[in-house]
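Side chains are part of it too, since the values below use all heavy atoms of this structure and drop only hydrogens, waters and symmetry mates. Everything quoted here is computed from the prediction, not taken from an experiment. Numbers restart at 1 for each chain; the letters A, B, ... are given by sequence-line order, proteins then strands.
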2 protein chains.
Amino acid sequence: MRIIKKETDYALRALYFIHEKGGKAAVSQIYSQIKAPRPFLRKIFRMLALSGILISKKGKNGGFEFKKPFNSITLADINEIFDEMTPLGGCPFKNRICSNFRSCALKGKIRAIEQETYQRLKRTYIKDMWD
Amino acid sequence: MRIIKKETDYALRALYFIHEKGGKAAVSQIYSQIKAPRPFLRKIFRMLALSGILISKKGKNGGFEFKKPFNSITLADINEIFDEMTPLGGCPFKNRICSNFRSCALKGKIRAIEQETYQRLKRTYIKDMWD
DNA sequence: TTAAATGATATCAAAAAAGTATCATTATTT
DNA sequence: AAATAATGATACTTTTTTGATATCATTTAA
Ligand code: FES
Ligand code: FES
């Protein structure tokens, strides 16, 4: 059972780091601290910017700062950027549809559990993760 | 977020099928019904037997029957055969340990969520999955 | 003795996840 | 203006995990 991806892991720790740094930082200042590969972290940050979590500033002395207030960011906010949920009525095994889709009740039960887990991610604020 | 693997999916549906067939069946009678690849299902069944869920009977007219009573089997029972949980105090990213393992509080929170999900799997009986 | 089942194991293929490389664009500093 | 240092965009590669095969040995009932 893999709750989060490495991308989410890096993202969460990086966001926390930016917050500690006063709310703004560039990838070059972060990656070594959280031991993430630089180009990978860049990709992650671009997605965070596209998703409205961060604002990016280009050029010298550029970097990233929070768009969404740090205190309001949940684990779910970040997780859903990198990992999609199974759609309502869908099968947990994406694209390639399951054999006996129609008669399969499994997907419903599994989805319910997934949803419950998601709700919990939603209730977990990243500001509280380092308590 | 992937709650169960395909192996678990096949296993659950196959077990239900055996139950409907009166508690005993051979792989050759099952795989086409649940649309699982035969050799894959064989492997799955061997694991179910090794784990004490089923008993295997070799030879002609052989097959598999329940060792653990069907009504007592939970989703967790099957899931844990094919998917391991992160060990207590461990990092969700198996083998290759995380960079800042010591200072990382993330792993604790993630594990808590994983545990909660596991508890729910434990409370879900496969006999109830086709309601 | 044959047929039909599982046991055991090695191997392969496909998909997903993780990570790189490269060039373009933008803004600051000199 | 030029150099520098940041992100934007995108294509690619590698590694890991998952899903699936193939093969031969063993067992048992007919
Ligand atoms: S339809 Fe995919 S698990 Fe049932
Ligand atoms: S130690 Fe692995 S997620 Fe923190």
Can you tell me the distance, in whole Å, between the CZ atom of A:R46 and the C1' atom of C:dG19? 14 Å
Please tell me which of the listed nucleotides, D:dT18, C:dT20, D:dA20, lies nearest to the side chain of A:P37? C:dT20
Taken to the nearest whole Å, CG/B:L48 to P/C:dA8 is 14 Å
Can you list everything that forms a side chain to side chain contact (heavy atoms under 4.5 Å, CB included) with A:K5? Sequence neighbours excluded, please. A:R2, A:E7, A:T8, A:D83
To the nearest angstrom, how far is B:R2 atom CZ from C:dA15 atom C1'? 13 Å
Distance in angstrom units between B:F93 CZ and D:dT16 P, rounded: 15 Å
Check whether any side-chain N or O of B:S56 sits under 4.0 Å from OP1 or OP2 of C:dG7, and answer yes or no. yes
Touch class at under 4.0 angstrom, heavy-atom based, for A:K43 against every strand present: base
Across nucleotides 21-29 of chain C, 5' to 3', mark each nucleotide with B, S or - according to how protein heavy atoms within less than 4.0 Å reach it. -B--BBBBS
Side-chain N or O of A:Y10 versus OP1/OP2 of C:dA18: is the shortest distance under 4.0 Å? no
All N/O donor-acceptor pairs, side-chain side in residues 36-62 of chain B, below 3.5 Å, sequence neighbours left out:
| residue | atom | partner | partner atom | Å |
| --- | --- | --- | --- | --- |
| B:S51 | OG | B:M47 | O | 2.7 |

How about A:M1 and A:I3: do any of their side-chain heavy atoms sit closer than 4.5 Å? yes
Partners meeting side-chain hydrogen bond (donor to acceptor under 3.5 Å, both in side chains) with B:E116 (sequence neighbours left out): A:R120
Under 4.0 Å, heavy atom to any atom of DNA chain C: which of residues 15-24 of chain B qualify? none
A:T74: what forms a side-chain hydrogen bond (donor to acceptor under 3.5 Å, both in side chains) with it, not counting sequence neighbours? A:D77
Who passes ring pair (Phe, Tyr, Trp, His ring centres under 6.0 Å) against A:Y125, sequence neighbours left out? none
Qualifying residues under side chain to side chain contact (heavy atoms under 4.5 Å, CB included), relative to A:K122, sequence neighbours excluded: A:A76, A:Y118, A:Q119
To the nearest angstrom, the CD1-P distance between A:I44 and D:dA9 comes to 17 Å
May I ask you to evaluate whether B:S28 reaches the phosphate of C:dA5, defined as a side-chain N or O under 4.0 Å from OP1 or OP2? yes
Quick check on A:K21: does its NZ atom have over 12 non-hydrogen neighbours (other residues, nucleotides or ligands) under 6.0 Å away? no
What I want to check is whether an N or O donor and acceptor connect the side chain of B:K5 with the base of D:dG19 at under 3.5 Å. no
Taking side chain to side chain contact (heavy atoms under 4.5 Å, CB included) as the test, write out the residues that go with B:Q29, two or more places apart. B:A25, B:A26
Let me know the distance between CD of B:E7 and P of D:dT17, rounded to the nearest Å. 14 Å
For the backbone of B:F17 and the side chain of B:Q33, can you confirm whether one donor and one acceptor N or O come within less than 3.5 Å of each other? no
Just checking B:F64: base, sugar-phosphate only, or nothing, at a heavy-atom cut-off of under 4.0 Å? sugar-phosphate
In this structure, how many angstroms lie between the P atom of C:dA18 and the NZ atom of A:K35, rounded? 19 Å
Nearest whole angstrom, please: distance from the P of D:dA20 to the NZ of B:K6. 5 Å
